[in-house]
Amino acid sequence: MTKTYVGDIDTAIDLDTEIDLTSATLLKIKALKPDGTEVEWTATLSGTTVVRYRTVADDLDQEGTWRLQALVTIGAGTWSGETAKLKVYPEYH
């Protein structure tokens with residue numbers, strides 16, 4: 001199993017919503033960092049049910065447990081998915 005480290009770039013973060021998102025007009029991932037800071041990442045659709053984001057420099061800037069939620073708009077409604085956890089390890093040297 002691959003671990004995620006502080007500073008990782010191009011790491012795919014996938015959240016499976018288990019619902020068809022092909023008509024979604026908004027795809028984001030809300031992230032709560034270990035220190036309580038909230039961020040949002042613009043995501044893409046992978047397959048029909050998975051919200052995907054690929055990390056860029058400085059996204060994963062804290063070690064610890066991150067809490068993640070899909071945020072999607074389908075039709076006139078906006079929906080937040082279940083909370084997932086991502087363990088981020090100290091930067092590997």
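Just so it is clear, the values below take in all heavy atoms, side chains as well, and ignore hydrogens, waters and symmetry mates. All values reported here derive from a predicted model rather than from experimental measurement.
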Next item on the list: Taking Thr11 for its side chain and Thr55 for its backbone only, find out whether a donor-acceptor pair lies under 3.5 Å.
Entry: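 Such a contact is absent between Thr11 side chain and Thr55 backbone.
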Next item on the list: Test side chain to side chain contact (heavy atoms under 4.5 Å, CB included) on Trp41 and Val51 and set out the steps.
Entry: CA-CA 11 Å; Trp41 298 319; Val51 177; over 6 Å; no
[X] versus [Y], closest heavy-atom pair with distance:
| X | Y | result |
| --- | --- | --- |
| Arg52 | Asp14 | NE-OD1, 2.7 Å |
| Leu60 | Trp66 | CA-CZ2, 3.9 Å |
| Val6 | Gln62 | CG2-C, 3.6 Å |
| Val56 | Asp59 | N-OD2, 2.8 Å |
| Tyr53 | Thr42 | CD1-O, 3.2 Å |

Check: Can you tell me how far CG of Leu32 sits from OG1 of Thr37, rounded to the nearest 0.5 angstrom?
Finding: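 Between atom OG1 of Thr37 and atom CG of Leu32 there are 8.0 Å.
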Margin query: Nearest 0.5 Å, please: how far is CD1 in Ile29 from CG in Leu15?
Written below: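 Answer for the CG-CD1 pair, Leu15 versus Ile29, is 4.0 Å.
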Next item on the list: Check the surroundings of atom CG in Asp35: do more than 12 heavy atoms from other residues, nucleotides or ligands lie under 6.0 Å from it?
Entry: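 Counting neighbours around CG of Asp35, more than 12 heavy atoms of other residues, nucleotides or ligands fall under 6.0 Å, so yes.
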Next item on the list: Determine whether Ile19 and Val50 fall in the same hydrophobic cluster, where Ile, Leu, Val, Met, Phe, Trp and Tyr are linked whenever their side-chain heavy atoms lie under 4.5 Å apart.
Entry: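 No, separate clusters.
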Next item on the list: Check whether Val39 and Ile13 end up in the same hydrophobic cluster, where Ile, Leu, Val, Met, Phe, Trp and Tyr are linked by side-chain heavy atoms less than 4.5 Å apart.
Entry: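 Hydrophobic grouping puts Val39 with Ile13.
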Going by atom type alone, with no hydrogens or angles, which donor-acceptor pairs under 3.5 Å involve a side-chain atom of residues 80-90 and a protein atom two or more places apart or on another chain?
residue, atom, partner, partner atom, Å
Ser80, OG, Lys30, NZ, 3.2

Item checked: Partner set under side-chain contact (heavy atoms from CB on, under 4.5 Å) for Ala24, not counting sequence neighbours ->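 Ala24: side-chain contact (heavy atoms from CB on, under 4.5 Å) contacts with Leu21, Leu27, Ile74.
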Margin query: According to side-chain contact (heavy atoms from CB on, under 4.5 Å), who are the partners of Thr25, at least two apart in sequence or on a separate chain?
Written below: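 Checked Thr25 against side-chain contact (heavy atoms from CB on, under 4.5 Å); matches are Thr73.
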Notebook entry, point to check: Looking only at side chains, do Thr49 and Asp16 share a donor and an acceptor under 3.5 Å apart?
Noted result: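 A pair is found: one side chain offers a donor N or O, the other an acceptor, under 3.5 Å apart.
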Next item on the list: List the steps and the verdict of side chain to side chain contact (heavy atoms under 4.5 Å, CB included) for Arg67 and Gln69.
Entry: CA-CA 7 Å; Arg67 288 172 175 71; Gln69 277 187 308; over 6 Å; no
Check: Given Asp61 and Lys33, is the side chain to side chain contact (heavy atoms under 4.5 Å, CB included) satisfied, shown in steps?
Finding: CA-CA 9 Å; Asp61 59 355; Lys33 297 181 182 189; 2.9 Å; yes
